[in-house]
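Right, one structure below, let's go through it.
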Amino acid sequence: MIKGIFPIERFRELQTPFYYYDLELLQKTLDVVAAETGKYGYRQHYAIKANANPVILELIARNGFGADCVSGGEIRAALAAGFPASEIVFAGVGKADREIILGIENSIACFNVESLAELEVINGIAADMNRTANIALRINPNVDAHTHAKITTGLQENKFGINTGLLPGVVGEMRGMKNVAFKGIHFHIGSQITDMSAFRDLCIKANELQDEFDGYGLKIESLNFGGGLGVDYYHPNHLCIPDFENYFASFAKLVKPREGQQIHFELGRSVVAQCGSLVSKALYVKKGETKQFAILDAGFTDLIRPAMYDAHHHIENITGDGEMQTYDVVGPICESSDVFGRDVSLNEVRRNDLVALRSAGAYGEIMASRYNCRALPESYFSN
C-alpha cells in the first residue's frame with residue numbers, strides 16, 4: 001500500500017479508528033516465505049501472537065503454514081482457522097494445566113518446554129490422561145539479538161527458556177519421565193531483529209548444542225529457530241516484504257542438520273506487519289507556542305507499540321495535500337505517553353483528515369485494549 005491507493009471514499013464512510021489490511025500484499029508475502037522455505041525443506045509456523053484476526057489466520061492456514069501458539073486461546077483460534085493440530089506448536093513460560101490438557105487432547109505437534117518445573121507438570125498431566133506429550137526443550141543460547149530490551153528473550157537468566165548450564169540436569173530428569181517424548185530443541189532470541197549477525201551467532205550455537213545432545217544419545221528430530229526477523233518501519237512503501245531470502249539462506253549456509261531432521265521457524269511480525277495500517281481521523285490541530293499537535297481519534301488503546309516500546313511507525317496524512325508541516329501526532333488517551341510520533345512531517349493536517357499509521361499489522365489490533373472504556377477498533381480488508 002502506498003499513499004494514493006487507499007480506498008479513500010470507502011474510508012470516509014467508516015467509523016474511525018479502524019485497521020485496514022491489504023490481503024494482496026499479505027498473499028505476496030506468504031508466497032515469498034513459501035518459496036524461500038521450500039528451497040531448503042524448512043517448515044514455517046506462523047506466530048499467532050502477532051495478529052490473530054480470523055480473516056488473517058484463515059488466509060495463512062490456507063497457504064499451508066503451521067501455527068505457533070502461546071496460549072490455549074491461540075490454540076483454539078488456530079484450530080478454528082483451519083490449522084491442523086499436527087502443525088501446532090505451543091510455547092510460553094506459564095502454560096496453565098487447562099491449556100496443557102487442551103494441547104494433549106488435540107494431539108498438537110509439540111510443547112516447547114521452558115523449564116524443568118513445566119516439564120514435570122506436562123509429564124504428570126499426560127500420565128493422568130494416559131497419553132504421551134511431544135516436547136522440545138527451549139534453550140537460551142545466550143545470543144544478543146541487538147534489539148529492544150523488552151523484546152530480547154535469548155540471554156542468560158531470562159524468564160524464557162532453559163539456560164545451557166542447566167541442560168545436563170534437565171535432560172537427566174527427562175530421561176526418567178515416561179509420558180513425554182523428546183522431539184527436539186527450540187530457540188527464540190528476540191523480536192524485530194535486523195542485524196543478521198545475531199542469527200549467524202544462533203546458528204553456531206545451535207551446532208554446538210546439537211553436538212552436546214549427540215553426547216546425551218538423544219536424537220533431535222526437530223530443530224526450531226523461532227522467529228524474530230524484523231521489518232522496515234521507516235519505508236513501508238518501498239520495503240514492504242522483508243528479506244526472507246537472505247534470512248533463510250543464512251541458516252542454510254551455517255546450520256549443520258542431522259539426517260532426517262526437520263528445521264522449523266516461527267515468524268510472525270515479518271509475515272503480517274506491513275499488510276496492516278491503523279486509520280484514524282484528525283480531531284483537532286492544537287497550536288502551541290513552539291509546537292503544533294495533530295490530535296487523532298486513535299490512541300495507544302488501538303496501537304500501543306509507540307507507548308510501550310518507543311516504536312516508530314511511518315505516519316501519513318492520506319487525505320491531505322497541503323504543504324508539509326511538523327507535528328507531534330498524539331491520541332486522546334489521558335496519559336502523557338499517548339504519543340505516536342514527535343516532530344513528524346505531514347501534509348498540512350486539518351480537522352477530519354484521515355491519517356494512517358503504517359506497518360501496524362503486527363502487535364497492533366491484537367494488543368488493543370478498552371482502557372478509558374474505549375471501543376475496540378474494527379477491521380476491514382482490501383477484498
Nearest heavy-atom neighbours spanning N317 and L354: OD1-O, 3.3 Å
Assess whether atom CD of E245 is packed by more than 12 heavy atoms of other residues, nucleotides or ligands within 6.0 Å. no
Testing Y21, Y19, Y20, F18 one by one against Y380 for a ring-ring contact (aromatic ring centres under 6.0 Å, His included), which residue passes? F18
Does R342 have more than 12 heavy atoms from other residues, nucleotides or ligands lying within 6.0 Å of its CZ? no
Atom pair CD1/NE2 of I193 and H188 - distance to nearest 0.5 Å: 7.0 Å
Any carboxylate oxygen within less than 4.0 angstrom of a Lys/Arg side-chain nitrogen, looking at R358 and E316? yes
Hey, does M174 have a side-chain heavy atom less than 4.5 Å from the side chain of V113? no
Stepwise, does the side chain to side chain donor-acceptor pair (under 3.5 Å) test hold for S197 with D195? CA-CA 5 Å; S197 68; D195 182 351; 2.6 Å; yes
Looking at F213, does the NZ or CZ of R258 lie under 6.0 angstrom from its six-membered ring centre and within 45 degrees of the ring axis? no
Report the C-alpha separation of F265 and F248 in whole Å, then their side-chain angles, then the decisive distance to 0.1 Å, and conclude whether the ring pair (Phe, Tyr, Trp, His ring centres under 6.0 Å) test is met. CA-CA 9 Å; F265 294 87; F248 290 115; 5.0 Å; yes
For atom CD of E105, is the number of surrounding heavy atoms from other residues, nucleotides or ligands below 6.0 Å larger than 12? yes
Tell me whether F293 is reachable from L303 by hopping between hydrophobic residues (I, L, V, M, F, W, Y) whose side-chain heavy atoms are closer than 4.5 Å. no
Step by step, work out the salt bridge (Lys or Arg N to Asp or Glu O under 4.0 Å) result for K49 and E74. CA-CA 8 Å; K49 64 181 177 288; E74 288 191 0; over 6 Å; no
What's the shortest heavy-atom distance between I333 and G299, and which atoms? CG1-CA, 4.0 Å
Is there a path from I135 to V70 through hydrophobic residues (I, L, V, M, F, W, Y) whose side chains come within less than 4.5 Å of each other? no
Please determine which of Y40, F199, Y42, F225 meets the ring-ring contact (aromatic ring centres under 6.0 Å, His included) test together with Y247. F199
Derivation and outcome, side chain to side chain donor-acceptor pair (under 3.5 Å), residues S107 and R131: CA-CA 9 Å; S107 300; R131 298 282 292 273; 2.8 Å; yes
Has N123 got a side-chain atom pairing as donor or acceptor with N179's backbone, closer than 3.5 angstrom? yes
So, for I100 and F90, which heavy atoms are closest and what is the spacing to 0.1 Å? N-CE2, 4.5 Å
Measure the spacing between NE2 of H264 and CD of Q44 and express it to the nearest 0.5 Å. 11.0 Å
In Å and rounded to the nearest 0.5 Å, what is the CD1 to CG distance from I204 to L209? 12.5 Å
Taking all non-hydrogen atoms of both residues, which atom of P242 and which atom of V231 are closest, and how far apart? CG-CG1, 3.8 Å
Does L357 share a hydrophobic cluster with V339, counting links as ILVMFWY side-chain heavy atoms below 4.5 Å and allowing steps through other members? no
Heavy-atom check, side chain of N134 versus side chain of I108, under 4.5 Å: no
Which atom of A50 lies closest to which atom of I366, heavy atoms considered: O-CG2, 3.5 Å
For the residue pair N51 and Y46, establish whether any side-chain heavy-atom pair is separated by less than 4.5 Å. yes
Start with the C-alpha gap between D31 and Q27, add the side-chain angles, then the distance that decides, and say whether side chain to side chain donor-acceptor pair (under 3.5 Å) holds. CA-CA 6 Å; D31 290 343; Q27 183 61 63; 2.9 Å; yes
Here's one to test your reading of the geometry: is the NZ or CZ of R351 within 45 degrees of the ring axis of Y284 and under 6.0 Å from its centre? yes
Could you check if a side-chain atom of N63 sits within less than 4.5 angstrom of a side-chain atom of L59, using non-hydrogen atoms only? yes
Same apolar cluster: V55 and F65, side chain cutoff 4.5 Å: yes
Taking the side chain as C-beta and beyond, is there a heavy-atom pair between D302 and R374 under 4.5 Å? yes
Just wondering, do D328 and D343 contact through their side chains at under 4.5 Å, heavy atoms? yes
Taking atom CG of D211 as the centre, report whether more than 12 heavy atoms of other residues, nucleotides or ligands fall under 6.0 Å from it. yes
Consider only side-chain heavy atoms of I, L, V, M, F, W and Y, link residues closer than 4.5 Å, and tell whether I56 and L30 are in one cluster. yes
Check whether more than 12 heavy atoms from other residues, nucleotides or ligands sit under 6.0 Å from atom NE2 of H235, and answer yes or no. no
Atom CG of L26 and atom CD1 of I241: how far apart are they, to the nearest 0.5 Å? 10.0 Å
Nearest 0.5 Å, what's the OH-CG distance between Y327 and N347? 8.5 Å
Going by heavy atoms in the side chains, are Q274 and T29 under 4.5 Å from each other? no
Taking the side chain as every heavy atom from C-beta outward, state whether E335 and Y371 have any pair of such atoms under 4.5 Å apart. yes
Per ring-ring contact (aromatic ring centres under 6.0 Å, His included), H313 is matched among F340, Y234, F300, Y233 by Y233
Within a radius of less than 6.0 Å around CD of E24, do more than 12 heavy atoms belonging to other residues, nucleotides or ligands occur? no
Supply the atom-to-atom distance I104 CD1 to N130 CG, rounded to the nearest 0.5 angstrom. 11.5 Å
Correct closest heavy-atom pair for S337 and A307 would be O-CB, 3.5 Å
Paired with L229, the side chain to side chain contact (heavy atoms under 4.5 Å, CB included) test is passed by just one of D243, L267, T194, namely L267
Heavy atoms of other groups near K256 NZ, more than 12 under 6.0 Å: no
Has R98 got more than 12 heavy atoms of other residues, nucleotides or ligands less than 6.0 Å from its CZ? no
